[in-house]
Amino acid sequence: MGEGKEARETAEAVPEYLLRAAFLYNFAKYVEWPPSAFERPDYPITIGIVGRDPFGDDLDKALKSKTVKNRTFSILRFPRASDIKRCQVLYVARSEVSRLDEIFERVRPWSVLTVGEDEDFTRSGGTIAIVLENDRLKLVINPDAAEKSGLTIDAKLLKASRIVRTRGRP
Amino acid sequence: MKLGRLADMPIREKLRAIIVIVSGLSVLGACAVFLTYQWFSVRRATAERLQIMAEIVADQSTAAVEFEQKPQAEAILGSLKAENQIVVAAIYSSDGGLFAHYTREDRLGGSDEQDPFGHLLPRNPGPEGTFIRDGDFVIVQPLLSGQERIGTFFLRSDRSDAWRRLRVNLATVALVLLGALATSLFLSRKLGGLITGPVLRLAEVVQTVSQRRDYAVRMEVWSRDELGQLIEGFNDMLAQIQSRDDALARARDDLELRVEERTRDLQDEIRERKAAENLLREKDDRLVEAQTIARLGSWAWNPESSRVEWFDETYRIYGDPGRTFGGTYEDFLDRAHPDDRPLFEQALERSVRDGVVFDLEFRVRRLDGQVRFLHARGKPAFATDGRVAHLSGTLQDITERKKSEEVIQLLNRELQSRMSELASANKELEGFSYSVSHDLRAPLRAIDGFGRLLQEDCSDALGEKGRRYVDVISRNTQKMGQLIDDLLDFSRMGRKAFEASLIDMEGLAKEVFAEIRDSLPGRALNLDLGPLPAVKGDQAMMRQVWLNLVSNAAKYSRDRNPARIEIGSRVDKDENVYWVRDNGVGFEMDYAHKLFGVFQRLHSAAEFEGTGVGLALVQRIVHRHGGRVWGEGKVGEGATFFFSVPHSGRETPTAGLALEAIGDRT
């Protein structure tokens, strides 16, 4: 199957974080937030980045003038966990790996899709992790976390991902 | 079953063939429709199913595609394994490159693995849609996430299922067809009999009828369908044919009879006609002959054209063998004698004018100068308007006849004068003989009387010699008296009136014979009397005839014992002939002509007494009756005397006289 080679080339051609940004955009397609997640119906989907922003302007590029379900996107950057304001998607940078619980606690009242960079993230209670494996970005999803957050993840996304459970949970 | 002309197949086969073919075709048709429908239906269904599957799977894989999760995408594609017709399924990314694919197990390995761009997976997905490529289904669909196109879904499925199903269907169809054929064959055999049975029976009957020409056959009708009607109609027809046949036979017989009759009639007709023709020809020949013999010529004159035609004999009559006759009316007149010409012309003109027959005796002056008498007759022939169209007739040279006529007239005149001479002479003679005999009697009586006186009174004085002398005188006197009596009778007979009545000749002859026999007591006389027919005549005269003839017969057979006298007769056409035959002395035939003359005797008085008047008297009487007398005899063997009496029985004095006169002369 020669397409592996091509895919690799593609992956190499596209910068990693642009792809991750694309993923973030895509997540909005496959995730359903409860109506309470948005203050107003016309409010954009807010994507927050907590920690050291790895995207640069990739995320802005990826989300520029895109809409999902008639909502535009807005990006918020939170240097620290305590800066986290209400958003629908929270990208947890690698720098914040040790402060996961705090972050999860902070966003618990809001239905926020938490996205990390490694599997451990999901085992710790994060919803989705975009993991780089063998030069490829893989998805790992913790459905319980999604459920806990009141999010509905499309089965298709689930199908495209590896499913994990929160550590310690049956 | 012979495959000759299809139309000549027997009905049973036809029916069966029809049923089989029809049911076969129907089944086949239905199956074909079914198969076709199946095929397309299956194809559509398959296509639909595949499309749905493609949509579902594609939809399922959007996340995997968007997130470029190839293994997951391939896993999702792999779920298409369930549809084992699907050979290959692939997702192409939005730039057209192959992203993920699924290949059916049996196609794995070999070049397909290494080279995805084999015939199964195209380099580019190609246009969207559902197609059939190389017998496979190909579905190309866009992969959408929301409104965004994220790639292309490609699916290829073979149609092995369809083919398999088709095979199965075909097998089923074949089975069904077979079953249908078998059933129809079976049923047709059974049920066809309903139709073919009666038809075949009908055909049989028809055959029989036509072969045996037996039109009395009828078929029973057991159904009211068209066959029943056919059979009824057939029966009807037969009945008609039968009656017509009978009528025909009768007519034929009749005709034969009539033909026979007609033929016979025709034959008779032909025979008659032939006979008539022959007769006609004969008559014609005879006519021509007659004309020639009679020296009768023919001529014809056409007054309009003034032409006159002569034929054969006419030329001869006119003495014109060279046929110089000009043929014109003028020539015709010219030939006549100048003295007779005006008469001739007049007669001709009158005939034409009045339309009467032309009949004229006239003279001609022949070319050789001879004058001949001609008799011409001509009949006019009339045209439609009543005019005389032409005159035609005969011509005869009557010169000889004319001459003969003159001679005859001369002779006639002579005859008449002679006849009157004769008549007066006769009368004189009669008177003379009457008076003579009368006058002669007186002295005779005296002689006889005185002679007797002498014998009685002077017998002594006479002496023997004297008495002998007186005896002789007496005898002679008596003889003379007898002679005179006979003469008297003879002459009386000439003057006596003729009283005609129907005479019983047989009775008369018998009576006369009896009288004569009685007068000759010493003689043996045998009479052989044949039947004598009655005849008209004078009874008294005829008595005299018989008397004379029979007494003669008796007399001249005096020397015979017995004397045989035969009296017979025969009936001829116009007369009765009677005869008296004796077996006496007979006479010399050379002198037969003298027999009947007055005083003619063939035997001397010494031999046979008699006056010689008897036969003359007989002749006279018979002549007066218009008959004839003659005799036949042979010396020593008897004689036969014949006399004939015509049936008319009228007196013919003149003829008698004439004959007598001639007889006297010879």
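All chains are named by letter (A, B, ...) in the order of the sequence lines, taking the proteins before the strands, and each is independently numbered beginning at 1.
Heavy atoms of A:Lys138 lying under 4.5 Å from chain B belong to its backbone as well as its side chain. Within the 4.5 angstrom heavy-atom criterion, atoms from both the backbone and the side chain of A:Phe23 approach chain B.
The choice from B:Gln60, B:Gln72, B:Glu148 that makes the most heavy-atom pairs within less than 4.5 Å of chain A is B:Gln72.
Checked options A:Ile45, A:Leu24, A:Leu59, A:Thr46; the residue passing with A:Ile75 is A:Leu59 (criterion: side chain to side chain contact (heavy atoms under 4.5 Å, CB included)).
The aromatic rings of B:Phe67 and A:Tyr30 lie tilted to each other, with the angle between the two planes from 30° to 60°.
Atom CZ of A:Arg52 has 12 or fewer neighbouring heavy atoms from other residues, nucleotides or ligands inside a 6.0 Å radius. Within 6.0 Å of atom NZ in A:Lys66, more than 12 heavy atoms from other residues, nucleotides or ligands are found, so the atom counts as buried in its surroundings.
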